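Accompanying notes for the structure given below.
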Amino acid sequence: MPGDVNEIDLRSDTVTRPTADMLRAMTSAPLGDDVFGDDPTVNRLEETAAERLGKEAALFVASGTMGNLLGVLVNARSGQEVIADADSHLFLNEAAGAAVVGGVQVRQVPTERGVLSPAQVLAALRPGDDDHQPLSAAVMIENTHNWHGGVAWSLPELQRLSETARARGLAVHLDGARIFNAAVATGIDVRIIAEGTDTVSFCLSKGLCCPVGSLLCGPAGKIRQARRWRKMLGGGMRQAGVLAAAGLVALETMVDRLADDHQNARALAEGLAGLPGIDCDLSRVQTNLVYFRLKHMDAASFLAACSGQGLRGGAHGPDLVRFVTHHGISRADIERALAICREALRG
């Protein structure tokens with residue numbers, strides 16, 4: 001566990017530490033220079049990721065933010081627009097990279113649960129014959145959706161969105177930072193989830209426990225473009241196999257256990273929903289994220305009280321709190337977290 005051994009850190013699944021198997025693999029990985037394309041461990045990770053997601057090729061990148069930015073850059077050009085949920089990570093949490101680096105505008109579409117409907121995409125589509133407006137180039141979707149509580153898209157929702165986008169000549173990029181959580185929650189293989197997308201990114205450093213890294217997967221031509229953009233952004237790493245080795249272990253050993261995180265999140269959410277002064281929408285607790293609102297105190301005061309007893313979480317608004325379950329959090333930790341929350345509410 002990060003920090004004090006008795007601390008329960010539910011701020012994010014990014015606080016996870018590499019497993020013992022990962023650390024062993026990292027110290028013995030065959031290495032080369034990945035900028036020259038000859039790091040065998042990176043090459044193996046990219047091949048494994050591409051095969052797992054059903055795409056032609058993949059690229060190892062430093063972060064999910066870089067993966068999404070590359071997804072924008074290979075699917076849209078300067079002066080164009082991408083359509084995304086108004087609460088998407090791409091729009092809210094990626095430092096306006098699409099605009100700054102790519103000159104690409106994000107068309108924000110409010111949704112109820114982070115799931116863009118075909119009708120919403122069509123309504124946001126720009127007319128191609130109006131020189132006053134940017135041209136629509138792509139649709140960006142997020143699965144699972146962070147700000148909407150870890151909601152996972154259903155397969156029919158994904159298929160309808162993809163069919164609509166394709167019929168209008170729009171590319172589809174999937175921000176799949178937690179795509180393996182979506183797969184475990186829905187029982188749908190990640191290849192099927194990614195099937196209707198042009199490009200898809202996923203994180204190794206969240207629930208899969210790696211110290212660093214994400215993958216961008218897609219057609220070989222787009223991944224070749226992304227490799228050049230990665231170099232321009234300073235993302236070309238040399239003996240990156242040290243990091244990629246952890247990713248290979250993660251894909252082999254850490255996916256199925258995400259179900260434990262989901263069960264712990266559900267137990268936590270149900271316990272929180274039963275506490276006076278908390279409003280938690282259980283219908284949105286489908287994976288490892290738990291959002292809840294405080295009725296009678298502000299988030300900062302609540303989290304300060306929790307922190308004093310060894311529980312850490314994140315404030316996402318004046319009265320909105322997020323807890324995230326992950327590897328290293330046990331059912332006993334969940335029970336202790338609930339007891340701490342109960343005391344914090346009394347204070």
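A quick note: this is a predicted structure, and the numbers were derived from the prediction, not measured.
- Remark: D256 CG is loosely packed, at most 12 non-hydrogen atoms of other residues, nucleotides or ligands lying under 6.0 Å away.
- Atom CZ of R166 has more than 12 neighbouring heavy atoms from other residues, nucleotides or ligands inside a 6.0 Å radius.
- Listed by first and then second residue, the ring pair (Phe, Tyr, Trp, His ring centres under 6.0 Å) pairs that reach into residues 165-202 are F180-F202, sequence neighbours excluded.
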In sequence, state the C-alpha distance, the side-chain angles, and the governing distance for V184 and N181, and then conclude on side chain to side chain contact (heavy atoms under 4.5 Å, CB included).
CA-CA 5 Å; V184 169; N181 292 90; 5.9 Å; no
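- Between P30 and D39 the shortest heavy-atom distance is O-OD1, 3.7 Å.
- Between R257 and E252 there is no salt bridge, since none of the side-chain N atoms of the basic residue sits less than 4.0 Å from a carboxylate O of the acidic one.
- Under the 3.5 Å distance criterion, the side-chain polar atoms of Q80 are matched with a main-chain donor or acceptor of R77.
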Please report the C-alpha distance between T287 and R178 in whole Å, then the side-chain angles of each, then the deciding distance to 0.1 Å, and finally whether the side chain to side chain contact (heavy atoms under 4.5 Å, CB included) criterion is met.
CA-CA 9 Å; T287 52; R178 297 183 175 92; 6.0 Å; no
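- We find that R266 and E270 are joined by a salt bridge, their nearest charged nitrogen and carboxylate oxygen being less than 4.0 Å apart.
- Taking the ring axis of F36 as reference, the NZ or CZ atom of R238 stays within 45° of it and closer than 6.0 Å to the ring centre.
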Let's go through V200 and D175 carefully: what are the C-alpha distance in whole Å and the side-chain angles of both, what is the deciding distance for side chain to side chain contact (heavy atoms under 4.5 Å, CB included) to 0.1 Å, and is it a yes or a no?
CA-CA 6 Å; V200 53; D175 173 0; over 6 Å; no
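- By the 4.5 Å heavy-atom criterion applied to side chains, S214 and L216 are not counted as neighbours.
- Smallest separation of non-hydrogen atoms from C210 and A250: SG-CB, 3.6 Å.
- No option in D13, N264, T144 other than D13 meets the side-chain hydrogen bond (donor to acceptor under 3.5 Å, both in side chains) test with N288.
- Heavy atoms only, all atoms of each residue included: F302 and L294 are closest at CB-CD1, 3.5 Å.
- In this structure, K222 does not pair ionically with E56, as no charged nitrogen and carboxylate oxygen lie closer than 4.0 Å.
- Across all their heavy atoms, K206 and A177 have their closest contact at NZ-CB, 4.1 Å.
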Carefully, step by step, assess L70 and V61 under the rule side chain to side chain contact (heavy atoms under 4.5 Å, CB included).
CA-CA 9 Å; L70 297 179; V61 298; 3.6 Å; yes
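- A ring-centre distance under 6.0 Å is not found for H145 and W153.
- Salt-bridge check for E195 with K55: failed, with every basic side-chain N at 4.0 Å or more from each acidic carboxylate O.
- A salt bridge does not link E47 with R44: none of the charged nitrogens is closer than 4.0 Å to a carboxylate oxygen.
- With sequence neighbours excluded, the residues forming a side chain to side chain contact (heavy atoms under 4.5 Å, CB included) with L311 are I8, L10, C306, F323, A337, I340, C341, listed by chain and number.
- Nearest heavy atoms, T325 versus A265: OG1-CB, 3.5 Å.
- Here the closest non-hydrogen pair linking L45 and G247 is CD1-C, 3.8 Å.
- The salt bridge (Lys or Arg N to Asp or Glu O under 4.0 Å) check on R52 picks up nothing, with sequence neighbours excluded.
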Worked verdict on E46 versus R227 for salt bridge (charged side-chain N to carboxylate O under 4.0 Å, His left out):
CA-CA 12 Å; E46 291 174 344; R227 187 175 296 275; 3.5 Å; yes
Start with the C-alpha distance between W147 and H89, add both sets of side-chain angles, then the distance that settles ring pair (Phe, Tyr, Trp, His ring centres under 6.0 Å), and finish with yes or no.
CA-CA 8 Å; W147 276 96; H89 195 277; 9.2 Å; no
